[in-house]
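Naming: A, B, ... by sequence-line order, numbering from 1 per chain.
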Amino acid sequence: MDTHPANAGPRPFLWHRTFMNILYYGTIVLCVFFFLLPLLWMLLNALKTPLQIVELPPKLFFMPTLANFENVFSSQNFLQYIYNSLIIAGGSTLLGLVLGLPAAFSIALHKQKKLAVFILVSRMVPGITFLLPLFIMFRNFRMVDTYTSLILSHLLVGLPFIVWVMVPFFESIPRDLMDAARVDGCNVFSTFIRIIIPISMPGVVTGGILSFIFSWNNFMFSIVLASNRTKTVPVAIFNFISYAQIDWGGLMAAAVTITVPVLVITILTQKYVIRGLTAGAVKG
Amino acid sequence: MAKVELKNIEKIYEGNVRAVSNANVVIEDREFVVFVGPSGCGKSTTLRMIAGLEEISSGDLMIDEVLVNNLPPKDRNIAMVFQNYALYPHMSVYENMAFGLRIRKIPNDEIDRRVQDAARILSIQEYLRRKPRALSGGQRQRVAVGRAIVRNPKVFLFDEPLSNLDAKLRVQMRTEIAKLHNRLNATMIYVTHDQVEAMTMGDKIVVMKDGLIQQIGSPLLLYDHPCNRFVAGFIGSPPMNFLEGRLREEDGSLLVEGEGFKFVTADIHRDDLGKAPSPNVIVGIRPEHLRIAGSEEGESILNAHITVIEELGAEAHMYMSRRADDTENLISRVEQRHDYHIGESARFIPDMEHVRYFDADSGRALLGVIGPIRMSSRRSALSQDE
């Protein structure tokens, strides 16, 4: 019998490694399946006829149809809703960056930790707390169902997030760089615009994208503050639910339509987003 | 180019923390002045006050006879090289060097001429299109120097620019900065904690400790005539040896003796030592002024045993201790070949004319001091002893 340790050693090690690999990938598949199942369900139902949707047991293999998507764009003014969502999400993101970046820079530069906590708290308070005061305020200013009111209300979600992402980013920038810019002739504003922002682009992109996605997905502020003129896509999905019936096919097709842009943006920018979210976690 | 004057400059931070106290320095036009001292001595703070990056709490800062206390950095006509290079990572080397000129709205062709000239001086022409991250530490530091050169400033400020480089590159860059000073004929202020850098580069050295300027002078003046024990110990490598001793007169000679040694002071030192405030003194001997006695007899002898011998080829550093527990590290720089071994006892003879003396209490030099810090009234040690 071969009892030489050099020959006996690798076998248990190989088994151990194989077992760990199975455990590792098995866990990943389970997690992915758990999170992707609703998405898959939504996509499949969007491609089914109403009868196929309610069929039991549900079929995985069937003849797909685009009728639901046709219905979304023909029976509803869905392009207008997408346009509204783009204006509101884009506007609130842009305004969030314009206000949030200097705020985060100031917090990082002057170590205003209390202010940072205060901003973070406003993100943690449930959004519905702000909803009623905001509604009353905008109604008094006759601003309900305007882009402005929706952009401002969505700022409550995006702005703290941008500040939260950017503060560690700015804190990680060496102070010497700002001093060098001052010696080169910059004032605080030009240092911020010409040096700090270009260096912090991964953070700016991360904050911007996530703020856009939060705003795009926002339902609560939109359903209260928007009406026919400014209806956004998450609210428009509600059109498929009526008192008498629910148009599951249309609902799913609309849901797919509004999810696709968000998914595409996330996939294209995931490298930036991960780098942005982990900035400052490890000293470079 | 310019003359820089610091008049009673002070920096006091919140909580009454004094970083710099009463700094008075005159930096002449085209002079290379090095501020040196241990960490936290206030040298970088002083440089940052000259740059305008730090507010001056009190005192006057003059550049070319103009009070600049309240001028922002951009209006002081200075350029600064930072320890961490501080290159803009999103810009190419060319853009890094051109940035300061663009801010000042210099025409493009003039910018190009200046950048190309500086790149030629620093041999970085081939890197102009690269980003800083694609450069080595030494190349980055050249770019940082280039960024200062293109500005053609009145005063160059260097804040420990070589600290992040490896030993070999540091020596190389040291020479290059010295050459650059000769070539540009500019006023340069250089901060370092490395006394070798200070000695090799500076026309004038300002030694600082705990926010106070200890002494100002040429490298050799500080080496030969340190104003106090701190300067004597800080300047020079290997450092000066310090022995606690007591002055005593015997048969018409002035002796200083202590544990393991008895020296007869040199005649040229008698007058100064006669005015010492106390007979308790610290004797300072540079390693090169302490040689092995061998069989030679002498009036002044130090007995110690050898603890470590560092053979450097041309010379040897012999570490020794007068005590059995080896708790001290006296050093002798031995130039001749020897056959001594670790653990052996040996006799050493100091070159008494080069020995320095410091007051045991205040640490002040007892021999004629040249520098800004003068000793206050001295009482006669011998008369006090009587």
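- You'll find the side chain of B/F156 stays beyond 4.5 Å of the side chain of B/L180, heavy atoms only.
- Using a 4.5 Å heavy-atom threshold, the side chains of B/M208 and B/T46 count as touching.
- To the nearest 0.5 Å, atoms NZ (B/K43) and CD1 (B/I213) are separated by 13.0 Å.
- Of all the listed residues (A/P198, A/P174, A/G185), the one sharing the greatest number of non-hydrogen pairs under 4.5 Å with chain B is A/G185.
- Smallest separation of non-hydrogen atoms from B/N185 and B/R30: O-CG, 3.1 Å.
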Could you please show the donor-acceptor pairs under 3.5 angstrom between chain B and chain A, with distances rounded to 0.1 Å?
residue: B/R48; atom: NH1; partner: A/D179; partner atom: OD2; Å: 2.8
residue: B/R48; atom: NH2; partner: A/D179; partner atom: OD2; Å: 3.1
residue: B/G52; atom: O; partner: A/R182; partner atom: NH2; Å: 3.4
residue: B/Y88; atom: OH; partner: A/A180; partner atom: O; Å: 3.4
residue: B/Y88; atom: OH; partner: A/A181; partner atom: N; Å: 3.3
residue: B/Y88; atom: OH; partner: A/D184; partner atom: OD2; Å: 2.7
residue: B/H90; atom: NE2; partner: A/R194; partner atom: O; Å: 3.1
residue: B/R104; atom: NH1; partner: A/D184; partner atom: O; Å: 2.5
residue: B/R151; atom: NH1; partner: A/V183; partner atom: O; Å: 3.2

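- Among residues 31-39 of chain B, no residue has any heavy atom closer than 4.5 Å to a heavy atom of chain A.
- At a threshold of 4.5 Å between non-hydrogen side-chain atoms, the residues B/I56 and B/K11 do not count as touching.
- Here the straight-line distance linking atom CG of B/L162 with atom CG of B/L169 works out to 8.5 Å at 0.5 Å rounding.
- With a 4.5 Å cut-off on non-hydrogen atoms, B/L87 touches chain A through its backbone but not through its side chain.
- Listed here is the closest heavy atom pair of B/G59 and B/N69: O-ND2, 2.7 Å.
- Remark: B/I121 CD1 to B/L184 CG distance equals 6.0 Å, nearest 0.5 Å.
- Residues A/F78 and A/A236 approach most closely at CE1-CB, 3.9 Å, considering heavy atoms.
- Taking a cutoff of 4.0 Å between a charged side-chain nitrogen and a carboxylate oxygen, B/R113 and B/E110 qualify as a salt bridge.
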